[in-house]
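Every chain is numbered from 1 and lettered A, B, ... according to where its sequence line falls, protein lines coming before strand lines.
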Number of protein chains: 2
Amino acid sequence: MADAKKGRIRAEKSQKILDAAEQVFVQFGYKGSSLQAIATVAGLPKANLLYYFPNKQQLYNALLMDIVTRWNKNFTEITEEDDPAKTLERYIYAKVEQAIQYPNASKIFATELIQGAPNLNEYLRTDVKNWLQSSCKIINRWIAQGRMAKVDPEKLFFLIWSSTQHYAASETEVLILMDKTHYQEQDIKQIHQFLCQMILTGCGLKPSR
Amino acid sequence: MADAKKGRIRAEKSQKILDAAEQVFVQFGYKGSSLQAIATVAGLPKANLLYYFPNKQQLYNALLMDIVTRWNKNFTEITEEDDPAKTLERYIYAKVEQAIQYPNASKIFATELIQGAPNLNEYLRTDVKNWLQSSCKIINRWIAQGRMAKVDPEKLFFLIWSSTQHYAASETEVLILMDKTHYQEQDIKQIHQFLCQMILTGCGLKPSR
DNA sequence: GTCTATACAAGGATAGAC
DNA sequence: GTCTATCCTTGTATAGAC
């Protein structure tokens with residue numbers, strides 16, 4: 001068998017295990033998840049997991065890396081020349097979409113934060129912090145230029161993050177209270193529109209509709 | 001020993017165990033927390049826990065009940081005669097204060113929701129749902145009376161819940177990004193003011209300052 | 001009421017047959 | 001590469017001495 005094919009098979013199996021791990025880790029957290037449970041979901045014997053990943057911790061780390069990679073795609077660069085209203089609207093849309101379409105990623109991220117971010121500390125102190133700092137600078141310039149109301153940019157991003165991730169992390173509560181069993185396509189638009197009305201107006205900007 | 005005194009001692013010990021349990025359950029979730037870990041934090045031998053609580057599940061339930069009871073105190077009744085701006089400002093304040101002062105309660109609640117609310121389903125379907133329904137009715141009347149802008153009341157409450165609880169559940173991230181080690185007294189006021197500016201303005205109301 | 005000892009199941013990880 | 005068997009640790013829960 002060619003190396004390329006071997007690599008592909010390995011990648012596919014790894015992915016299958018990661019998918020199962022995601023489901024289980026969401027439900028029980030890191031410590032509460034057993035390899036047995038993950039193996040059962042993946043439809044494999046327990047020992048097979050440890051052939052693909054050296055141990056539980058590194059399986060979890062691989063999963064987190066997967067999630068963080070997807071996450072980073074939404075940390076798009078904001079530049080001074082951009083239109084404040086359009087930029088915020090687009091960013092909020094990306095976050096809502098992410099929360100609805102990949103709730104497990106948001107949930108695992110949220111669990112990490114709740115438990116003190118034992119595995120995300122570096123990521124928070126570097127990637128997230130840098131992105132936030134440069135983005136806040138842009139917001140402050142927009143404010144200085146009179147292009148939007150004076151608001152604390154840091155708290156503005158916290159607001160966008162929390163209000164969007166809520167639909168993932170608190171999915172269970174939201175669905176119960178909305179009398180639904182799952183989100184629908186239109187929910188993304190409605191949530192987006194609501195949040196834009198609130199947040200943009202609060203920033204002294206006009207939502208596009 | 002009088003029964004009253006026996007009861008008091010029992011209550012005190014139980015409370016000590018519950019405090020320890022809260023710390024451990026926050027860090028590791030339900031399944032990930034061991035009685036041994038809780039006992040160590042409480043400074044007691046493991047078997048002592050099971051004298052005060054019949055088993056792990058009921059210890060956890062007792063803790064949840066404690067939290068829910070504190071929670072319910074903030075579900076104050078909203079009436080049609082109230083002033084919209086003042087009512088929302090007060091409610092947001094209560095939520096911010098709760099998040100900053102009892103972050104563990106918020107974290108355990110959040111973990112429950114992330115994991116599908118296996119122990120809070122009833123609470124969500126009854127208490128929370130009823131409160132939300134009647135509160136949304138009031139908001140809709142305020143809107144019909146032209147006392148505030150037309151907004152989806154359900155999503156409004158989701159926004160208030162998420163944006164305030166964020167400072168508890170994502171405490172670790174927020175503190176890292178704000179270069180702090182812990183919240184200060186003034187943070188409650190600043191967060192409150194920021195959220196009021198955003199949310200009240202978004203509702204077409206005027207924040208008191 | 002409090003703690004030690006222990007029963008019994010489940011968990012992480014490895015050895016080694018296939 | 002894949003699975004069975006197994007080692008050792010930890011976990012929940014109980015029995016019973018103090």
Undergrad: What is the distance, rounded to the nearest whole Å, between atom NZ of A/Lys56 and atom P of C/dA10?
TA: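 Those two atoms, NZ and P, are 16 Å apart.
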Undergrad: Give the residues of residues 39-54 of chain A touching DNA chain D, defined as any heavy atom closer than 4.0 Å, sorted by residue number.
TA: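 When residues 39-54 of chain A is checked for heavy atoms under 4.0 Å from DNA chain D, the hits, listed by number, are A/Pro45, A/Ala47, A/Asn48, A/Tyr51, A/Tyr52.
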Undergrad: Can you pull out every side-chain hydrogen bond (donor to acceptor under 3.5 Å, both in side chains) where at least one residue sits in residues 132-143 of chain A? Sequence neighbours excluded, please.
TA: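 Residue pairs with at least one partner in residues 132-143 of chain A: A/Glu80-A/Arg141.
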Undergrad: If the condition is side chain to side chain donor-acceptor pair (under 3.5 Å), which residues does A/Ser208 pass it with, not counting sequence neighbours?
TA: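 Result, side chain to side chain donor-acceptor pair (under 3.5 Å) vs A/Ser208: A/Glu89.
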Undergrad: According to side-chain hydrogen bond (donor to acceptor under 3.5 Å, both in side chains), does anything in residues 185-202 of chain A pair up with another residue at least two apart or in another chain? List the pairs.
TA: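 Matches after skipping sequence neighbours: A/Lys180-A/Asp187.
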Undergrad: Per the side-chain hydrogen bond (donor to acceptor under 3.5 Å, both in side chains) rule, what does the pair list look like for residues 23-32 of chain B, sequence neighbours excluded?
TA: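 Matches after skipping sequence neighbours: B/Tyr30-B/Gln57.
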Undergrad: Would you check if the side chain of A/Ser34 reaches a backbone N or O of A/Ala37 as a donor-acceptor pair within less than 3.5 Å?
TA: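 Pair found, side chain donor or acceptor close to backbone of A/Ala37.
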Undergrad: Does any pair with a residue in residues 95-110 of chain A pass salt bridge (Lys or Arg N to Asp or Glu O under 4.0 Å), and if so which ones, sequence neighbours excluded?
TA: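 Qualifying pairs, neighbours excluded: A/Lys107-A/Glu171.
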Undergrad: Report the distance from atom CD1 of B/Ile9 to atom P of C/dG1, rounded to the nearest whole Å.
TA: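 Distance, rounded to whole Å: 7 Å.
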Undergrad: What residues form a side chain to side chain donor-acceptor pair (under 3.5 Å) with A/Thr126, not counting sequence neighbours?
TA: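 Applying side chain to side chain donor-acceptor pair (under 3.5 Å) to A/Thr126 gives none.
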Undergrad: Under 4.0 Å, heavy atom to any atom of DNA chain C: which of residues 57-66 of chain B qualify?
TA: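 Within this stretch, nothing sits under 4.0 Å of the strand.
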Undergrad: Do any pairs count as a side-chain hydrogen bond (donor to acceptor under 3.5 Å, both in side chains) and have a residue in residues 39-53 of chain A, sequence neighbours left out, and if so which ones?
TA: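 Checked against side-chain hydrogen bond (donor to acceptor under 3.5 Å, both in side chains) - neighbours excluded - the pairs reaching residues 39-53 of chain A are A/Gln36-A/Thr40.
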Undergrad: Which parts of residues 26-36 of chain B get close to DNA chain D, meaning a heavy atom less than 4.0 angstrom away?
TA: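 Going residue by residue through residues 26-36 of chain B, the ones with a heavy atom under 4.0 Å of DNA chain D turn out to be B/Ser33, B/Ser34, B/Leu35.
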Undergrad: May I have all residue pairs that pass salt bridge (Lys or Arg N to Asp or Glu O under 4.0 Å) and include part of residues 15-28 of chain B, sequence neighbours excluded?
TA: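 Salt bridge (Lys or Arg N to Asp or Glu O under 4.0 Å) check on residues 15-28 of chain B returns B/Glu22-B/Arg70.
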Undergrad: Which residues satisfy the side-chain contact (heavy atoms from CB on, under 4.5 Å) test with B/Leu64, sequence neighbours excluded?
TA: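 Per chain and number, B/Leu64 pairs via side-chain contact (heavy atoms from CB on, under 4.5 Å) with B/Tyr60, B/Ile108, B/Glu112, B/Asn119, B/Leu120.
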Undergrad: Just the rounded figure in Å: distance from C1' of D/dT10 to CD1 of B/Ile38.
TA: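 Going from B/Ile38 (CD1) to D/dT10 (C1'), I get 15 Å.
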Undergrad: Rounded to whole Å, please give me the gap between CZ in B/Arg10 and C1' in C/dT2.
TA: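 The answer, rounded to whole Å, is 12 Å.
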